[in-house]
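Residue numbers begin at 1 in each chain, while the letters A, B, ... track the order of the sequences.
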Amino acid sequence: MTIRRIFIANRGEIACRIIRSCDALGVETVLGVSEADRHSLGTKLASRTVCLGPAPSAKSYLQLETVMQAAISTGCDAIHPGYGFLSERADLARMCEEEGILFIGPTASQIDAVGDKLRARTEAQAANVPVVPGGPVESREDAKILAEEVGLPLLVKAVGGGGGRGMKLVEKAEELHDIIDMASAEAGAAFGDSRIYLERYVAKGRHVEVQLLGDGKGHVIHCGERDCSVQRRYQKLIEESPAPHLPDDLRENMLAAACRFAARLDYRGAGTVEFLYDVDRREFYFLEMNARIQVEHPVTEEVTGIDLIAEQIAIANGEGLRFGQSDIRFTGHAMECRINAEDPEENFMPSPGIVQSVQWPAGEGIRVDTHIVNGAQIPPFYDSMIAKIVAHGPDRQTALARLRDALMQTHIEGVATNCRLQTEILADPAFIKGGVNTSFLAELLTERKEMA
Amino acid sequence: MSLNGKDVEEIMTLLEASHFDRLILEMDGLKLELARDGSKVRSSLPVPVSSTSTAPSPAPTPPVSSAGRGSEDGLVEVRSPLLGVFYRAPKPGEPPFIEVGDRVEEETVIGIIEVMKLMNSARAGVSGEVVEIVGTNGEMVEHGEVLVLVRPGG
């Protein structure tokens, strides 16, 4: 079967990004939009646009049956879910399997396998991939024994949580019982799943993740790693590849571990295994696997020259992996800044509205992934990310300098953005040195507040 | 990419099944113009074809800009409450819910919108006389697409 027409079940920059690869492949695109996105850039780039429903995501982009019906009725033979929205919904993948439409992503059972944190953890252990010391707890007694093994401080996490939600820090042994009871009750109320687990708290941790491609038959290759340690409340702001100052042996072990994890699942398509790198102990632990294309995929594309969306499509099309591990060449360094329509001076309040004028940067090694043009609307219903500015150079210093210049060239009128904050981060001595940990940005923001 | 006779035939079938009277297709220096025989040409409503479109057979129903049509004639546009497949009758072979000339009340069912085998009733939402049934039986309608034109009152 050959893919001729792809339904894009997403919006914003990633919809435009997917269309770009489809255009290059000569594949038609049908974009499903909400009422709020009827005039977005994607609608001008897609071969056809259909309106799925009203502006709120729950009534449009998250309506699985509507998306499926739209894909079938418009004669699409595949669905690309992008990231977020329906991208990691096993039921969409399953429905596609039933309806004979290709889901550009892993199988439903693979999404299930990595979607549940505890199950993913078990899968990691089975693949001999290190996990954060800890484990599930069902009783106070369990917790006490486990806490002694893991050591304090530790984290109590909700199985159904994620992105920093449903997490509590235990610093003293006597707090353990109360916090566990509270966490379990809260998890039940917030996620409909009261299961919790304990994990060692890593004081100085870096977020390093590995980009993978799998053919669905047990062959998995990696496209290097990305360091995404610059985060605010678990939201990534800057990503780069390769991860700076990572010991070579550790990097090799991490890349191999990620491949092992995915190969054991016969993983199909593009995916990312996230690790926590414990800087003091020089150890890394499996965090989770994201069964989708990620926001920060461009940094990998820049250093490898691979079009990850095109490879996703090729794999879905049954072409398997079109190159082997040894064919992948890593060139230089790439760094990405996420531009969000939010105001760092007003506690990162989202800033929806109309972009009166915008000037994106250009130049050697510069790439901008965005759906924002003059007059574009930023509706209040969705994520505030409006662009990714990516710089590539022969080395980290050059990439960083190019990214800084690119930010200086960027002018956005009409909405508040985090451009200035990003410029400040890029100028921070610790960031310039490279290898900051995940508490870096929180510390920088605190300092910044005190200075103001 | 070029058009062959079969493509043109296919496009004609699409036009036949659509509620459009005229179709102009321009691609790769070729211009194809089709018009329904004896049609009262609504020249303001050609099918918009994007010049960047790579579609060999353009998708049948791009969103119709029907703004103005309703207000001009004092007609009310009854729009689809959701995206799905539009059916004019409860079951194949049965008479349609409504025909042109019928009187509808706000609660009158004018058709069914099917979404993955789930049937949703579409209601008139206005009382008056059915002037035109715009939606095509068995075809997909978008959220907000016009299904029926009603002359309100009575």
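- Evaluation of the ring pair (Phe, Tyr, Trp, His ring centres under 6.0 Å) rule for Tyr61(A) yields Phe85(A), Tyr382(A) as partners, not counting sequence neighbours.
- Taking the side chain as every heavy atom from C-beta outward, His143(B) and Glu35(A) approach each other to under 4.5 Å.
- You'll find the side chain of Glu65(A) stays beyond 4.5 Å of the side chain of Lys117(B), heavy atoms only.
- Listed by first and then second residue, the ring pair (Phe, Tyr, Trp, His ring centres under 6.0 Å) pairs that reach into residues 102-140 of chain B come to none, sequence neighbours excluded.
- For chain B, no part of Leu64(A) is nearby; none of its heavy atoms comes within less than 4.5 Å.
- Remark: side-chain polar atoms of Glu142(B) are not paired, donor with acceptor, to backbone N or O of Val50(A) under 3.5 angstrom.
- In this structure, the portion of Glu99(A) lying under 4.5 Å from any heavy atom of chain B is its side chain and not its backbone.
- For a heavy-atom cut-off of 4.5 Å, chain A lies close to no residue in residues 95-109 of chain B.
- For NE2 of His411(A), the number of neighbouring non-hydrogen atoms (other residues, nucleotides, ligands) closer than 6.0 Å is greater than 12.
- Closest heavy-atom contact between Cys51(A) and Leu83(B): O-CD1, 3.4 Å.
- Under the rule for a ring pair (Phe, Tyr, Trp, His ring centres under 6.0 Å), Tyr87(B) has no partner lying at least two apart in sequence or in another chain.
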